[in-house]
Enquirer: 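Quick one: the structure is below, questions incoming.
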Number of protein chains: 2
Amino acid sequence: MAAKRSGALKKRSPRPAQEPRNEPPLSLERIVAAAVYLLDAEGVAGLTMRRLADRLGAGTMSLYWHVDNKGDVLDLALDAVLEYPGPPQPVVPGDWRAEVVHLLEHWRAGMLRHPWSASLLPGRALGPNILNRLELLGGILSRAGVADAELNAAIWSLWNHVMGATVTRASFDFSEDDRAAAQQRLARLGERYPTIERSRLLLDDDWDGTFRKGLDLLLDGLATRR
Amino acid sequence: MAAKRSGALKKRSPRPAQEPRNEPPLSLERIVAAAVYLLDAEGVAGLTMRRLADRLGAGTMSLYWHVDNKGDVLDLALDAVLEYPGPPQPVVPGDWRAEVVHLLEHWRAGMLRHPWSASLLPGRALGPNILNRLELLGGILSRAGVADAELNAAIWSLWNHVMGATVTRASFDFSEDDRAAAQQRLARLGERYPTIERSRLLLDDDWDGTFRKGLDLLLDGLATRR
DNA sequence: CAATTGACTCGTATGCTGTACGATGAGATG
DNA sequence: CATCTCATCGTACAGCATACGAGTCAATTG
């Protein structure tokens with residue numbers, strides 16, 4: 001990722017400077033924190049190298065000392081947001097379903113707090129925090145007795161469910177203002193799409209419930225495989 | 001979408017022109033076809049309004065007569081690619097599982113032929129072809145006896161599985177060249193991520209099998225809900 | 001026939017974007 | 001003092017979407 005920056009930690013220069021700098025020196029940590037802030041506040045399109053540098057009180061090109069390109073910033077911001085505090089203790093040890101549910105709901109909640117993360121995840125590098133979560137998930141399933149031959153399919157299916165549910169919600173969670181318009185637009189299509197219309201597929205906003213029900217489908221399916 | 005273009009179909013001008021035009025006149029159909037071509041050939045980043053116009057032998061700004069903005073082009077290209085020929089006949093009528101499997105595998109195959117479509121789908125408008133597929137899916141499930149209260153969750157879960165599996169495959173299907181590098185990179189992480197390493201989660205390239213197995217999980221879960 | 005209208009095309013210009021390159025300076029080391 | 005490395009940043013460039021207005025024609029109208 002960052003190429004030029006020397007191997008890990010070095011003594012920081014105290015940086016008195018002639019024109020006195022009122023900002024602390026740049027660092028990967030500061031850059032990533034500012035990037036997350038901008039992404040949260042303005043979305044993916046709102047993060048540009050210029051705005052990022054402005055926010056840090058630095059010149060645009062100074063960023064490129066610490067980072068190879070904008071992709072690095074996105075990779076780092078994404079993985080930073082997906083830090084996992086570690087497997088929870090208060091869960092009943094033998095209850096694999098509860099463990100999976102807790103892991104995935106925590107995961108989903110984290111991504112919903114940073115809606116850009118779901119859309120960013122495919123196509124970006126898998127950082128250590130993401131791998132860590134996959135590892136934990138695989139471990140739970142494996143210990144629960146899922147056969148090795150089924151393990152990858154199980155992991156990916158659960159992963160897809162979390163990603164998909166998060167992305168879907170971000171895409172279709174109409175703001176209250178748009179809601180009336182969406183309602184009307186869909187009503188006009190009622191004749192062509194009667195089932196969708198009747199089930200209010202695109203208007204139902206119980207995303208948490210939908211996520212949970214789908215997860216239960218998968219877990220029920222898994223339960224027959226042990 | 002297209003704003004200025006008058007209400008639907010009008011007589012086309014034969015367009016002889018003084019400096020003889022060797023290209024047919026622009027039309028939404030030509031624009032969409034060219035956009036799909038560029039997307040297939042160069043990916044999302046390869047589609048720019050300039051290149052699209054060049055390919056059509058037209059000036060860049062001419063496109064904006066037929067289309068409001070680039071988003072329109074993407075919406076139209078996406079929905080064009082997801083056209084559905086209609087429910088297949090040769091399927092056993094009563095076998096809802098086979099119907100769902102056929103519908104979703106056809107869907108997935110279509111998106112894999114145009115890998116950009118999966119990454120584009122969230123965030124873009126739901127065109128008529130997409131809605132049509134959702135309607136068919138909902139109909140099958142409803143007729144199969146899925147309760148209305150469960151219907152939305154079932155539809156979204158299956159939708160997420162198709163989208164997720166397609167996006168996941170596009171993200172992690174390393175080219176043969178990268179494969180050795182990826183292999184080595186992951187081996188180095190083997191100590192930290194033993195389960196992932198053992199299951200070869202990121203190296204397994206049986207995407208079709210993974211998709212099918214995950215789909216069976218969901219369908220098994222659904223089968224208990226009727 | 002002449003004048004007008006409307007459909008369509010496109011050149012130019014604006015303000016963004018990521019980033020290549022090279023100049024600049026500070027602190028450490030010789 | 002001379003060099004070297006770390007770090008910062010101004011300028012420049014190519015490419016992007018698109019606003020605006022001028023241009024060209026065919027069909028319509030008087």
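Just so we're on the same page: letters track the sequence lines, and every chain starts at 1.
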Enquirer: Closest approach to the side chain of Trp65(B), judged atom by atom: which nucleotide of dG18(C), dC8(C), dT8(D) is it?
Expert: dC8(C)
Enquirer: dC6(D), OP1 or OP2 - any side-chain N/O from His66(A) closer than 4.0 Å?
Expert: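 No, because none of the side-chain N or O atoms of His66(A) sits under 4.0 Å from OP1 or OP2 of dC6(D).
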Enquirer: Which whole-number value in Å describes the distance from Leu52(B) CG to dT9(C) P?
Expert: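 My rounded result for the distance is 13 Å.
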Enquirer: Take the protein atom CG of Asp54(B) and the nucleotide atom P of dT9(C), then report the distance between them rounded to whole Å.
Expert: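 Going from Asp54(B) (CG) to dT9(C) (P), I get 15 Å.
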Enquirer: Respond yes when some side-chain nitrogen or oxygen of Ser62(A) is under 4.0 Å from OP1 or OP2 of dA7(D), and no when none is.
Expert: no
Enquirer: Roughly, in whole Å, what's the span from CG in Leu28(B) to P in dC8(C)?
Expert: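 In whole Å, dC8(C) P and Leu28(B) CG are 11 Å from each other.
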Enquirer: Go through the N and O atoms of the side chain of Arg50(B) and the base of dG15(D), and report whether any donor-acceptor pair is under 3.5 Å.
Expert: no
Enquirer: Cut-off 3.5 Å, side chains only: do Arg133(A) and His106(A) have a donor facing an acceptor?
Expert: yes
Enquirer: Should the pair Asp206(B)-Arg212(B) be classified as a salt bridge under the 4.0 Å nitrogen-to-oxygen rule?
Expert: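 Not counted as a salt bridge, because no side-chain N and carboxylate O are separated by less than 4.0 Å.
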Enquirer: Starting from P on dG15(D), measure out to NZ on Lys70(B) and report it in whole angstrom.
Expert: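 Going from NZ in Lys70(B) over to P in dG15(D) covers 15 Å.
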Enquirer: Do other residues, nucleotides or ligands put more than 12 heavy atoms under 6.0 Å from the CZ atom of Arg198(A)?
Expert: yes
Enquirer: Let's see if you can work this out: which of dC21(C), dG18(C), dT18(D) has an atom nearest to the side-chain heavy atoms of Met61(A)?
Expert: dC21(C)
Enquirer: I need the CD1-P distance between Ile31(B) and dC10(C), as an integer number of Å.
Expert: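 After rounding, the reported distance stands at 11 Å.
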Enquirer: Among the candidates dT19(C), dG18(C), dC20(D), find the nucleotide nearest to the side-chain atoms of Thr60(A).
Expert: dT19(C)
Enquirer: Which nucleotide, dC10(C), dT8(D), dT9(C), lies nearest any side-chain atom of Ala58(B)?
Expert: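 From the listed options, dC10(C) comes nearest.
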Enquirer: Quick one: Leu56(B) CG to dT9(C) C1', roughly how many Å, whole number?
Expert: 13 Å
Enquirer: How many angstroms lie between OG1 in Thr48(B) and CZ in Arg55(B), if you round to the nearest 0.5 Å?
Expert: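 Thr48(B) OG1 to Arg55(B) CZ: 12.5 Å, rounded to 0.5 Å.
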Enquirer: Mind calculating the distance between CG (Asn69(B)) and C1' (dA17(D)) to the nearest angstrom?
Expert: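 Roughly 9 Å, once rounded to whole Å.
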Enquirer: Could you tell me the separation between the CG atom of Leu63(A) and the P atom of dT19(C), rounded to a whole number of Å?
Expert: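 So the CG-P distance, Leu63(A) to dT19(C), works out to 11 Å.
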Enquirer: Give a yes-or-no answer on whether the side chains of Thr210(B) and Asn152(A) include a donor-acceptor pair shorter than 3.5 Å.
Expert: no
